[in-house]
Structures are given as C-alpha cells and as structure tokens.
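Here's the structure we're looking at; comments come further down.
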Amino acid sequence: MSNLTVALAILGGLVLATVVGYNAWMSRRNAPRQPDAPDGGAPETAPAPMSREEEPVLHVTGHPVAGAERHEPLFDPDLPAPSALPIPTADRRGGLDPLIDVIAPITLEGLASGDAAIAAMPATRRAGSKPVAIEGLNEHTGEWEPAAPGQRYGAFQAGVQLANRTGALNEIEYSEFVVKAQAFADAINGAPEFPEMLDEVARARELDQFASAHDAQLGFVLRALHAAWSPGYVQQNAARLGFVAGIIPGRMVLPASELGLPPILGLSFDTQAALADDPAQSAIRELTLSLDVPQVDRSERPFARMRETAATLAREMDGVVTDSDGQLLREETMDAIGADLEQLYDTLDSRELSAGSPLARRLFS
C-alpha cells in the first residue's frame, strides 16, 4: 500500500469522524433542554398534578344540586310565623347581590325547613348560560344562606345573574328563571314577586356593556431562542418561581395568597408534549403566561409579578418575551400596559366591582 493510499485513508477517517462528531454536537445542541438533576443524582420527576380540590381555581357561586324528585310536605304550618325575623336591606342580600343579580323575594306563611327547601330545589341551577341561586333567611342567624339540612327559614329569595362572559341575560333566560323559581315557591307554599322582565333585561344589557368594555385577559408568550425545552425543564424553572402543577396537563398556576381563590398567573404549554410517552424527548418552543385581570385582587400585584416572572424565565431559559403575534415586548410597552391596568382597576373600584372581589369573579366568568 502506497503512502498516498494510507494518507487518503487517514484523511477519509478524519473527515468521517468530523462529520459524525458534528452531527452528534448538533443533535445535542438541538435536543430539548432537560431539568437539572437534584443533589442525589437521580433525575428529577415532574410535580404531580394537583387534584380538583387542591388547585386554586375559580369558584362560581352555586349550591349543591338536589335531585329532581320532590317530597311532601314541604311546608310546616305548625312552625311559628317569621314576622319577628330581621329582613336585610336590598343593598346586600347574602350571596346574591342586586348589583349583578335579578332577585325575586319569596314570602312564606310560616317557617320552612331546610330539608324541605333542598328537596324542592330545581334539578339544574342555570337559566340558559346564567347561574341561578336560591337562598333562605335563617331563623336563628338572620342571614341569607343556601338551604341547609336541620335549619329553618322564614323567607327565600331566588336570583339569576344579569350577565357573564357569555353575554347579557335575555328574555328566554329570564322566562326560564321565572319557571324554576315559581316551581320552587309552589313546592314550599311560597309567593314569589318577580321584577319586570323588560327592566331587568335592559339592566343586564347595560351591565354587559360595562363588563365587555372593562374585561382584560393578558397573555405573554415566552419563545425559545435556541434549544427547545422539555416539559421537565419548564416545570423545574417554573416551580422555582412558586408555580405548581394544575389539573390540565401542560398547565401550571401561581397560587393566590389565600387558599381557594383563583390563581394569580397561569403558565401553559403544549398538552401533547406533557402527555407524550417520553416527555424528555418532547420539544417545547413556546410557553404562554396568562393573567385574568378581574379575577385577581389588585393587592397581589399580579401584573408586576407577571413581568418579573416573564423576565426571569426568559433569562434562565434562554428565551424572549413576545406578544401573541411574535412582537418583542419592550419595557416601555410593559409600562404602558401597567398604566392602563391601573386605570382599569380604578374604574372597577368605582363601580363596586373591584378586581378579585366575589362580584367581579362572578361577573367576569
């Protein structure tokens, strides 16, 4: 074998090794980033999803659904008359509120038991897309509350929400509410008094116009600059900032300071990547960081924390923060959004629908 042949063979081997090495380097460079192993050296597992009881989710006003079957007697004539019971004023009536609800008072000839009221409840607590609620005036506490077993009530009130994110209460939904409330009243020997339908529908439209003009759901998109991310890598970095796994695969939430309230922020990525047989090989190139403004109390500093979270994740994960169209969000843009939000908060406060309040959470749902 000549020296030339040997040299060419060596050169060919070097070229082949270079190509293989380059391909391996590129493959490693483009592989989804993996979470750091804990101190023990074992790979870190993704946090277990929270149960429905644990995840801080939106709680919409409602009551336990009773069976459709009714039981007699529903009214006890031997109970004393409720004339001595204090009647709260219309400016605040338990869970129902005239600011966002149609309220129909139901008078009784005597006291009714909570068990009888529960048995008389409508099978479904909605009129179209609007929540329906029925409350009783507790004989002992003088407070409006959902009917409870073993309690006695001197009056009831039925209500239907005027508006939510599906739109304003319409005539058909109002009529459905009347049918449900009348059936309940008949079952407990009560007499309902319904407000004028056209007035309430007009009030619903006005409230819906206000809500539509002052609703805000913000979203930032965090995009990978170079290597993609694995689900475990995303979860590890988000967990360092206080996020916990939500119910839906591919969703994490930043819990509110008070248990049971809606989360301050949401962070979501491709559900299919989270459900993959080998999540470590799933490539995620963008995340969505979201804030439902009316659902979160102003005191939680939600937008400031959203900015801080986005900036930290972008720095730690080698990404950039953009809007949904891929445009970079600069500091001056963030400042302008923050100023607009402060005005929105002030407007909601002036309407007694402060962000994060029970009424705002119901209206903007």
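Note that the structure is predicted; figures quoted are calculated from it, not measured. We're numbering straight along the sequence, starting at 1.
Remark: D270 pairs with Q272, A273 by the side-chain contact (heavy atoms from CB on, under 4.5 Å) rule, at least two apart or across chains. Under the side-chain contact (heavy atoms from CB on, under 4.5 Å) criterion, E300 pairs with A256, S257, I264, V296, D297, P302, R305, sequence neighbours left out.
In the hydrophobic clustering of ILVMFWY residues, with side-chain heavy atoms under 4.5 Å counting as a link, F364 and L291 come out together. Note on L198: it does not cluster hydrophobically with I172, by side-chain heavy-atom contacts below 4.5 Å among ILVMFWY residues. Grouping the Ile, Leu, Val, Met, Phe, Trp and Tyr side chains by contacts below 4.5 angstrom, directly or via other members, places L218 apart from V221.
Each salt bridge (charged side-chain N to carboxylate O under 4.0 Å, His left out) pair with one or both residues in residues 216-235, not counting sequence neighbours, appears once here: R223-E286.
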For this session: Kindly indicate, with the supporting measurements, whether the criterion side chain to side chain contact (heavy atoms under 4.5 Å, CB included) is fulfilled by E109 and N189.
Result: CA-CA 8 Å; E109 296 178 1; N189 290 342; 5.9 Å; no
For this session: In sequence, state the C-alpha distance, the side-chain angles, and the governing distance for R362 and D101, and then conclude on salt bridge (Lys or Arg N to Asp or Glu O under 4.0 Å).
Result: CA-CA 10 Å; R362 289 175 56 204; D101 294 303; 2.6 Å; yes
Exercise. Between L313 and W229, is a side chain to side chain contact (heavy atoms under 4.5 Å, CB included) present by the stated rule, with each step listed?
Worked result: CA-CA 12 Å; L313 290 177; W229 309 307; over 6 Å; no
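Two residues are said to be in side-chain contact when any heavy atoms from C-beta on lie closer than 4.5 Å; V244 and P263 fail this criterion. Side-chain contact between V201 and M197 is present, with at least one heavy-atom pair separated by less than 4.5 Å. No side-chain heavy atom of F194 sits under 4.5 Å from any side-chain heavy atom of V102. Side-chain contact between L289 and V321: absent, with no pair of heavy atoms (C-beta onward) separated by less than 4.5 Å. The closest side-chain heavy-atom distance from L267 to F220 is not below 4.5 Å. With a 4.5 Å cut-off on side-chain heavy atoms, L328 and V320 count as touching. For the pair D323 and T333, the minimum side-chain heavy-atom distance is 4.5 Å or more. Looking at heavy atoms from C-beta onward, F269 lies in side-chain contact with Q235 at the 4.5 angstrom threshold.
Distance alone, capped at 3.5 Å, places no donor-acceptor pair between the W144 side chain and the L96 backbone. At least one donor-acceptor pair under 3.5 Å links the side chain of N237 to the backbone N or O of Y233. When atom types are taken as modelled, the side chain of S350 and the backbone of T347 share a donor-acceptor pair closer than 3.5 angstrom.
Among the candidates L169, I100, N164, the single residue satisfying the side chain to side chain contact (heavy atoms under 4.5 Å, CB included) test with L207 is I100.
Nearest heavy atoms, A117 versus F184: O-CE1, 3.4 Å. Taking every heavy atom of both residues into account, I106 and A181 meet most closely at CD1-O, 4.4 Å. When every heavy atom of G266 is checked against every heavy atom of R251, the shortest pair comes out as CA-NH1, 3.8 Å. A pairwise comparison of heavy atoms in A224 and A227 identifies CB-O, 3.6 Å as the closest pair. Nearest heavy atoms, V253 versus P255: O-CD, 3.4 Å. Shortest non-hydrogen contact noted between T309 and F243 is CG2-CE1, 3.7 Å.
I134 CD1 to I118 CD1: the interatomic distance, rounded to the nearest 0.5 Å, is 11.5 Å. Taken to the nearest 0.5 Å, the OG atom of S129 stands 7.5 Å off from the CG atom of N170. Here the CD atom belonging to Q236 is positioned 11.5 Å from the CG atom belonging to L241, to the nearest 0.5 angstrom. Separating the CD atom in Q157 from the CD atom in E135 is a distance of 5.0 Å, to the nearest 0.5 Å. How far CZ of R203 is from CZ of R205: 13.5 Å, rounded to the nearest 0.5 Å. A distance of 9.5 Å separates CG of D349 from CG of L344, quoted to the nearest 0.5 Å.
Ion pairing of D335 with R307 is present here, as a side-chain N (NZ or NE/NH1/NH2) and a carboxylate O approach within less than 4.0 Å. Here E173 does not pair with K180 in a salt bridge; the nearest charged N to carboxylate O distance is not below 4.0 Å. Comment: E342 engages R298 in a salt bridge, judged by a side-chain N to carboxylate O separation of less than 4.0 angstrom. The residues D292 and R361 are annotated as not salt-bridged, no charged nitrogen and carboxylate oxygen being separated by less than 4.0 angstrom.
With hydrogens and angles left out, the side-chain atoms of E145 and Y153 include a donor and acceptor closer than 3.5 Å.
Around CD of E196, the count of heavy atoms belonging to other residues, nucleotides or ligands within 6.0 Å exceeds 12. Crowding of E171 atom CD: a count of heavy atoms from other residues, nucleotides or ligands under 6.0 Å exceeding 12.
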